[in-house]
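Here it is: the structure, laid out below.
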Number of protein chains: 2
Amino acid sequence: MADEERLELCDCECIHDDVVCAVNKTLQPAREYENLAALLKLFADATRVKLLHALEQHELCVCDLAVLLGVTKSAVSHQLKLLRMSNLVKSRREGQIVYYSLADDHVRQIIDMGFEHLWE
Amino acid sequence: MADEERLELCDCECIHDDVVCAVNKTLQPAREYENLAALLKLFADATRVKLLHALEQHELCVCDLAVLLGVTKSAVSHQLKLLRMSNLVKSRREGQIVYYSLADDHVRQIIDMGFEHLWE
DNA sequence: TGAATAGTTGAGCAGTTGTTCAACTATTGA
DNA sequence: TCAATAGTTGAACAACTGCTCAACTATTCA
């Protein structure tokens with residue numbers, strides 16, 4: 001293994017140099033894992049994932065979601081802002097009312113995969 | 001809609017009773033969303049998701065992972081304990097060395113789905 | 001048996017997160 | 001044009017998370 005690819009050793013002797021080096025080559029740059037974690041963090045809250053699951057069924061306004069989730073409109077709005085900025089939901093305004101819906105089918109797939117894991 | 005299914009109203013007039021009630025019937029019990037969020041929370045950290053992605057390639061010991069992730073063995077061990085208790089990874093001991101690997105193909109699927117969303 | 005090494009654990013700390021409250025903007029309709 | 005209502009925003013706070021440190025256990029081997 002070339003010097004520029006060598007990883008810093010730890011304090012032990014057990015390290016499997018060849019395997020570690022091979023695996024390291026298949027890993028993504030650090031930034032990719034930060035982005036992935038940031039994406040999956042959006043599903044890592046019960047309120048938010050319930051909100052997304054509700055939007056799987058039908059587009060809903062802020063008030064509808066507040067009722068369904070049992071939290072204030074403010075809390076819903078804060079979460080929707082996060083989700084909108086991350087391109088997980090999209091919105092359309094009709095007069096005073098803003099309707100939210102899923103922006104992307106990956107949301108459904110990730111949630112379904114999660115439930116599948118839990119239910120088997 | 002029957003009284004026992006009626007949801008508490010919010011302070012607005014816009015609520016779409018019929019849609020909200022219909023969506024509410026399709027939702028899971030609160031506990032399911034807590035479980036789902038707890039599962040997906042395990043993927044919501046850059047160190048942990050990189051660790052899982054490394055284990056996709058090959059089984060690795062604590063020390064290997066510490067080197068790959070650039071953190072202490074203690075940090076890795078704490079994370080592995082979480083992941084093991086959640087049945088995302090499994091371990092086998094060989095002498096002094098404990099080898100970790102993925103317990104379940106859903107890990108791979110969730111990570112792949114996440115990367116797919118990010119890369120499109 | 002005892003030194004060396006791989007791994008685990010608990011305490012404690014710094015940084016992050018989700019909520020509410022209060023004040024704000026946007027749109028409607030009388 | 002002004003009151004009513006849907007939604008947004010920023011500040012503040014309590015709860016949670018991931019890390020390191022230090023001390024511990026488990027296993028090997030001389």
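Order of the sequence lines sets the chain letters (A, B, ...), proteins ahead of strands, with each chain counted from 1.
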query: Of all heavy-atom pairs between B:A44 and A:K41, which one has the smallest distance, and what is that distance?
result: O-CE, 3.0 Å
- prompt: For A:A54, which residues count as a side chain to side chain contact (heavy atoms under 4.5 Å, CB included) partner, sequence neighbours excluded?
  reply: A:L60, A:L65, A:L68, B:V23, B:L27
Partner residues of A:D104 under the side-chain hydrogen bond (donor to acceptor under 3.5 Å, both in side chains) criterion, sequence neighbours left out: A:H106, B:H117
Atom-pair distance (NE2 on B:H16; P on D:dA6), nearest Å: 10 Å
field: B:D45 to A:A37 - nearest heavy-atom pair and separation
entry: C-CB, 3.5 Å
- prompt: Quick one: B:L69 CG to D:dG18 P, roughly how many Å, whole number?
  reply: 14 Å
By side-chain hydrogen bond (donor to acceptor under 3.5 Å, both in side chains) - contacts of B:D105 (at least two apart): B:R108
Rounded distance (Å) that lies between atom C1' of C:dG7 and atom CG of B:D64: 13 Å
Could you pull out every donor-acceptor pair under 3.5 Å between side chains of residues 76-90 of chain A and any protein atom, sequence neighbours left out?
from  : atom 1 : to    : atom 2 : distance (Å)
A:Q79 : OE1    : A:R48 : NH1    : 3.1
A:S86 : OG     : A:L82 : O      : 2.9

message: If the helix axis at each end comes from five base pairs, how far does the helix from C:dT1-D:dA30 to C:dA30-D:dT1 deviate from straight, to 10°?
response: 20°
field: B:K73 NZ to D:dT20 P, straight-line distance once rounded to whole Å
entry: 13 Å
message: Contact list please: residues 32-49 of chain B against DNA chain C, heavy atoms, distance less than 4.0 Å, in numerical order.
response: none
task: Give, ordered by number, those residues of residues 78-88 of chain B having at least one heavy-atom distance below 4.0 Å to an atom of DNA chain D; if nothing qualifies, reply none.
output: B:H78, B:Q79
query: Can you tell if the side chain of B:V19 reaches within under 4.5 Å of the side chain of A:D64, non-hydrogen atoms only?
result: no
With A:E34 via side-chain hydrogen bond (donor to acceptor under 3.5 Å, both in side chains) - residues at least two apart: none
- prompt: Within the pair B:T72 and D:dT20, is there a side-chain N or O less than 4.0 Å away from OP1 or OP2?
  reply: yes
- prompt: In whole Å, what is the span from the CG atom of B:L65 to the C1' atom of D:dC19?
  reply: 17 Å
Heavy-atom side-chain contact between B:F43 and A:L36 under 4.5 Å: no
- line: Note: A:V107 and A:E56 closest approach over all heavy atoms is O-OE2, 4.4 Å
task: Could you state the atom-to-atom distance from CG of B:L51 to P of D:dC19 in whole Å?
output: 10 Å
task: For B:Q28, enumerate each residue passing the side chain to side chain contact (heavy atoms under 4.5 Å, CB included) test, keeping only those at least two apart in sequence or located in another chain.
output: A:H53, A:F115, A:W119, B:E32, B:Y33
Give me, pair by pair, the N or O atoms of the protein and of nucleotides 22-29 of chain D that are less than 3.5 Å apart, along with how far apart they are.
from   : atom 1 : to    : atom 2 : distance (Å)
D:dT27 : O2     : B:Q96 : NE2    : 3.4

message: I want to check one thing: is the phosphate of D:dA6, taken as OP1 and OP2, less than 4.0 Å away from some side-chain N or O of A:Y100?
response: no
Any residue meeting side chain to side chain contact (heavy atoms under 4.5 Å, CB included) with A:E59, in chain and number order, not counting sequence neighbours: A:R92, A:Y99, A:S101
- request: Not counting sequence neighbours, which residues clear side-chain hydrogen bond (donor to acceptor under 3.5 Å, both in side chains) with B:R93? List them please.
  value: none
